[in-house]
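Atom set for the values below is all heavy atoms of this structure, side chains included, hydrogens, waters and symmetry mates excluded. Only a predicted model underlies this, so the values are computations on that prediction, with no experimental measurement involved.
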Amino acid sequence: MTLDWTQFVGQTLNITMYENYGVVYGAKKDEHPTFYEIVFKTGKLIAAYEDGLLLEAVREGQIIKIYVLFTSIKCVEIF
């Protein structure tokens, strides 16, 4: 069964992913920085393709586009 993602274009998605795609270092605590694994992506759905979804998000005042392959998606919350 496939889902018609185009019906959700313009809505905010919170995607939980199977893989960890990167890391974010937070403020230092003692001698080591706080370490976070990125296991989710959040943004407005702007397009759906055969193999993934294109999201748009704002980070530090800049608009970024995020492409997430369907094979990487574990769960999606739609707002």
Side-chain angles (χ1 to χ4, degrees):
M1 182 174 136
T2 59
L3 181 64
D4 178 12
W5 287 97
T6 59
Q7 66 182 321
F8 302 111
V9 169
Q11 291 187 259
T12 300
L13 303 183
N14 186 28
I15 300 174
T16 304
M17 302 180 340
Y18 285 112
E19 296 91 8
N20 300 325
Y21 272 76
V23 295
V24 175
Y25 289 96
K28 286 190 175 188
K29 221 178 197 184
D30 299 324
E31 293 181 24
H32 302 285
T34 305
F35 181 81
Y36 301 96
E37 292 180 292
I38 300 170
V39 294
F40 64 90
K41 298 287 183 194
T42 301
K44 181 173 64 172
L45 180 63
I46 58 172
Y49 300 95
E50 185 177 306
D51 59 349
L53 302 173
L54 184 61
L55 305 178
E56 183 177 84
V58 178
R59 297 267 178 0
E60 298 178 8
Q62 291 199 8
I63 295 174
I64 61 168
K65 292 187 175 28
I66 306 162
Y67 190 74
V68 182
L69 294 171
F70 287 128
T71 55
S72 300
I73 297 173
K74 183 176 185 180
C75 175
V76 178
E77 296 173 310
I78 303 168
F79 299 94

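Between G43 and A57, the shortest heavy-atom distance links the atoms CA-CB, 4.3 Å. Counting all heavy atoms, side chain and backbone alike, L45 lies closest to W5 at CD2-O, 3.5 Å. Taking all atoms of both residues into account, the shortest heavy-atom contact from Y49 to F70 is O-CE1, 3.3 Å. Closest non-hydrogen pair, Y18 versus T71, comes out as CD1-O, 3.8 Å. Smallest separation of non-hydrogen atoms from I66 and K41: CG2-CD, 3.9 Å.
One finds the CZ atom of F40 at 13.0 Å from the SG atom of C75 (value rounded to the nearest 0.5 Å). Note: I46 CD1 to L54 CG = 4.0 Å, rounded to the nearest 0.5 Å. From E50, atom CD reaches atom OG1 of T2 across 11.0 Å, with rounding to the nearest 0.5 Å.
The hydrophobic clustering, which links ILVMFWY residues whose side-chain heavy atoms are closer than 4.5 Å, places L3 and V9 together.
By the neighbour-count criterion of 12 heavy atoms within 6.0 Å, atom CD of Q11 is densely surrounded, having more than that number from other residues, nucleotides or ligands.
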Give the intermediate values and the outcome of side-chain contact (heavy atoms from CB on, under 4.5 Å) for residues L13 and V68.
CA-CA 11 Å; L13 303 183; V68 182; over 6 Å; no

Set out, in order, the CA-CA distance, both residues' side-chain angles and the distance that settles side-chain contact (heavy atoms from CB on, under 4.5 Å) for K74 and M17, then state yes or no.
CA-CA 5 Å; K74 183 176 185 180; M17 302 180 340; 5.9 Å; no

